Every structure is written in structure tokens, then in C-alpha cells.
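Here is the naming used below: chain letters follow the sequence lines, and residue numbers restart at 1 for every chain. Since this is a predicted model, take the numbers as computed values, not measurements.
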Amino acid sequence: MPEDYLPILIYFLIAVGFALAGIATSHLLSFLFVRRRAAKDKLIPYESGMLPQGPARRRFHVQFYLVAVLFILFDIEIVFLFPWAVVFRELQILGLIEMGLFILVLFLGLIYVWKKGALEWE
Amino acid sequence: MPPFENLPTDLVLQGIFLLVAGLIVVAAVAVVTLRNIFHSALALILCFSAVAGLYILLEAPFVAAVQVLIYVGAISVLILFAVMLTERVMDPKMGARNEQWWLGLLLTAIAATGLGAIVGFAPWPLSKAPIINDQITALGKEFLTTYVLPFEVASLLLLMALLGAIIIAREKEGG
């Protein structure tokens with residue numbers, strides 16, 4: 001029933017509203033109370049008090065992409081696991097074997113990735 | 001839902017649908033019109049989330065959960081990484097270019113004509129099938145009995161994607 005998701009909708013609206021209100025308040029306060037004076041230091045990305053090293057928009061390493069792809073694959077595996085987990089007791093040993101095969105194939109893939117050293121961070 | 005007992009449910013749902021659909025359209029337009037491709041990717045995430053809302057309105061909670069889990073959670077991360085990985089895309093001096101606008105226009109015109117024809121001429125009958133209350137249980141049973149072969153093939157498909165990703169990523173590194 002869509003009505004059951006009303007709390008999620010309210011939560012979503014509050015979350016978005018909180019973010020927007022924070023930005024709006026910050027802008028309003030700076031508009032009211034801050035004397036604007038241009039300074040180069042103000043435009044530096046904030047790095048917890050450290051001076052930033054190199055440009056912020058540099059290219060990311062391809063390793064991040066690999067991790068993202070692996071994440072999607074195992075995310076999809078979870079999606080398949082979920083309906084199985086609901087009917088697990090009903091299907092008994094047959095369901096266990098079927099899901100075992102499913103996971104085995106992906107597990108072999110995981111071992112391959114591991115052996116290949118793709119999980120190591122260089 | 002006690003606070004809305006006096007309101008007609010259909011009207012409320014209609015209103016929520018209009019909100020969600022409007023959000024989808026606004027986000028989708030933002031994806032194609034924003035000048036910074038990174039901002040486009042962020043707008044795409046908003047679009048994905050709104051589509052999840054649409055699935056909830058259609059009473060398909062599992063599909064909505066999958067939409068959030070895979071599209072909002074994983075595909076958007078992949079797209080953001082792809083944007084950040086691409087050389088010079090993140091460079092502010094490199095504006096979005098439209099050299100292939102004529103090709104885009106042509107393909108859009110074809111797609112729009114096709115979709116328009118479907119919307120206009122296709123019959124839209126209501127399904128006579130009974131509404132399934134416990135969708136996930138039904139889905140799980142069908143997966144592991146009637147559709148067990150596609151189910152197992154899906155794992156092979158995932159395995160192939162896994163291997164493909166490794167091979168491509170390793171080649172790029174030149175190792």
C-alpha cells in the first residue's frame with residue numbers, strides 16, 4: 001500500500017528541507033552580517049586547515065572505477081538473495097542447492113579477482 | 001494513515017503522483033541542460049530516486065527497493081566515478097560541447113515519434129490478473145522453480161561482467 005510509505009516521504013521532505021534551510025540560512029547570515037572582501041585564500045578548498053596539494057579536479061585513478069563495478073555486481077547479487085531468503089524455508093534443500101550454485105559462480109569470480117590482485121590498492 | 005482519514009485517498013495519491021512525476025521531469029531536464037556534467041550526474045541521481053517513488057505508487061515495493069539499491073546506490077556511484085575518471089571532463093575550462101547536436105536531434109525525433117505512436121495507438125487494457133499481496137514471496141518462488149534457468153544464467157552474466165571489468169581496467173593500466 002502506498003500509504004505505508006508516507007513516513008518515508010515525510011522523512012525525505014524533512015531531509016531535503018533541512019539541507020536547503022541550512023544553505024539558505026548560511027547565505028542569509030552572510031548577506032546580513034559579513035563584509036565582503038575578496039581574498040585569494042578564501043577561494044582555496046577547505047582541507048581541515050591543511051594547505052591543499054594539487055588541483056581538486058584532477059583525474060581519479062581507474063581503481064576507483066573497478067571497485068564501483070565490483071560493488072554493483074555484488075549489489076545485484078544481494079537483490080537476488082533477498083527473494084530467496086523470504087522463501088528459503090518453503091523451498092528447503094532444493095532452494096539451497098540452487099542458490100548455492102548461483103553464489104558459487106560469483107564466488108569463483110571473486111577468487112579470480114582476488115588472485116589477479118585487483119583488490120590490492122596500489 | 002490516521003492524519004489523512006478525512007481526505008479522499010485517491011486525491012492524495014494523485015497529488016503525490018503529480019509531485020513525483022514533476023520531480024522526474026525537472027531532474028531529467030536538468031540532466032541534459034546543466035553545463036557541468038558532474039551536476040548532470042547529480043541530477044540523474046535525483047531522477048532515479050523519484051522513479052523509485054513512482055514504483056511505490058504503482059505498489060511494487062520490491063522494484064522500488066531494487067531501484068534505490070542498484071540505481072541510486074550503485075549505478076550513480078559508477079557514473080560519478082566515470083565522470084571523475086575521464087580526462088579533462090572535470091576541467092572547468094572544458095565546456096560541454098554540442099558538435100553532434102544534429103545526430104542527437106535526429107535520434108530524439110525518431111525516439112519521440114516511436115514513443116508518441118505507442119502512447120497514442122496502443123490499447124491500454126487493465127490486467128485481469130489478481131493483485132498479489134506477498135510479492136517478494138511470489139517472486140522468490142518463481143525465481144527458484146519456474147525461472148530457475150534464467151536465474152542461474154544471471155549469475156553467469158554477472159561473472160562475465162566481473163571478468164570484463166577486470167580485463168578492461170588492467171589493460172588501461174598497461175599491466
Side-chain angles (χ1 to χ4, degrees), chain A residues 1-9 12-13 16 55-88 90-91 94-99 101-110 112-113 116-118 122, chain B residues 1 3-4 9 12-13 16 49 53 56-59 61-62 64-66 69-70 73-75 77-82 84-92 134-145 148 151-152 154-156 158-166 168-170 172-173:
Chain A
M1 282 280 114
E3 297 95 281
D4 298 338
Y5 293 88
L6 195 67
I8 294 181
L9 181 69
F12 177 77
L13 291 179
V16 171
R57 289 186 171 89
R58 64 155 179 256
R59 229 177 121 192
F60 275 63
H61 198 264
V62 71
Q63 196 116 39
F64 284 102
Y65 193 75
L66 197 58
V67 170
V69 169
L70 294 181
F71 171 54
I72 287 192
L73 290 173
F74 291 108
D75 213 24
I76 294 170
E77 186 187 357
I78 298 284
V79 166
F80 279 106
L81 274 172
F82 194 68
W84 167 75
V86 175
V87 291
F88 166 65
E90 234 172 292
L91 288 166
L94 181 72
L96 191 65
I97 293 169
E98 282 167 353
M99 188 42 90
L101 263 174
F102 184 88
I103 290 180
L104 181 73
V105 171
L106 282 167
F107 189 67
L108 289 176
L110 182 64
Y112 176 77
V113 170
K116 201 86 171 146
E122 291 142 30
Chain B
M1 41 182 224
F4 291 96
T9 315
V12 173
L13 286 180
I16 293 173
S49 314
I56 287 172
L57 287 175
L58 287 169
E59 303 203 18
F62 183 69
V66 169
L69 202 63
I70 292 184
I75 303 271
V77 171
L78 194 73
I79 290 173
L80 287 178
F81 277 155
M84 293 193 287
L85 278 165
T86 311
E87 202 161 18
R88 289 167 65 199
V89 162
M90 291 295 286
D91 192 338
D134 205 349
Q135 289 173 11
I136 298 172
T137 312
L139 195 68
K141 262 189 226 156
E142 290 294 307
F143 258 158
L144 295 169
T145 52
V148 67
F151 176 73
E152 299 293 343
S155 80
L156 283 179
L158 289 174
L159 182 71
M160 276 188 275
L162 190 77
L163 300 183
I166 298 290
I168 291 171
R170 294 274 118 172
K172 267 188 208 151
E173 277 174 17

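Within a 6.0 Å radius of CZ in A:Phe74, other residues, nucleotides and ligands contribute more than 12 heavy atoms.
Top candidate by heavy-atom pairs under 4.5 Å with chain B, chosen from A:Leu9, A:Ile103, A:Val105, is A:Val105. Contact count against chain B (heavy-atom pairs under 4.5 Å) is highest for A:Leu101 among A:Leu108, A:Leu101, A:Ile78. When the candidates B:Gln135, B:Glu142, B:Glu152, B:Met160 are compared by the number of heavy-atom contacts under 4.5 Å with chain A, B:Glu152 comes out ahead.
Neither the backbone nor the side chain of A:Leu104 comes within contact range of chain B; no heavy atom of the residue lies under 4.5 Å from a heavy atom of that chain. Residue A:Leu66 touches chain B through its side chain alone, counting heavy-atom pairs closer than 4.5 Å. In this structure, the portion of B:Ile16 lying under 4.5 Å from any heavy atom of chain A is its side chain and not its backbone. Only the side chain of A:Tyr112 comes within contact range of chain B, with heavy atoms under 4.5 Å apart. For B:Phe62, the part lying under 4.5 angstrom from a heavy atom of chain A is the side chain only.
Using a 4.5 Å heavy-atom threshold, the side chains of A:Leu94 and B:Leu144 count as separate. Using a 4.5 Å heavy-atom cutoff, the side chains of A:Phe80 and B:Phe143 are in contact.
Closest heavy-atom contact between A:Phe71 and B:Gly73: CE2-O, 3.6 Å. Minimum interatomic distance between B:Ile70 and A:Val79 (heavy atoms only, all atoms of both residues): CD1-CG2, 3.6 Å.
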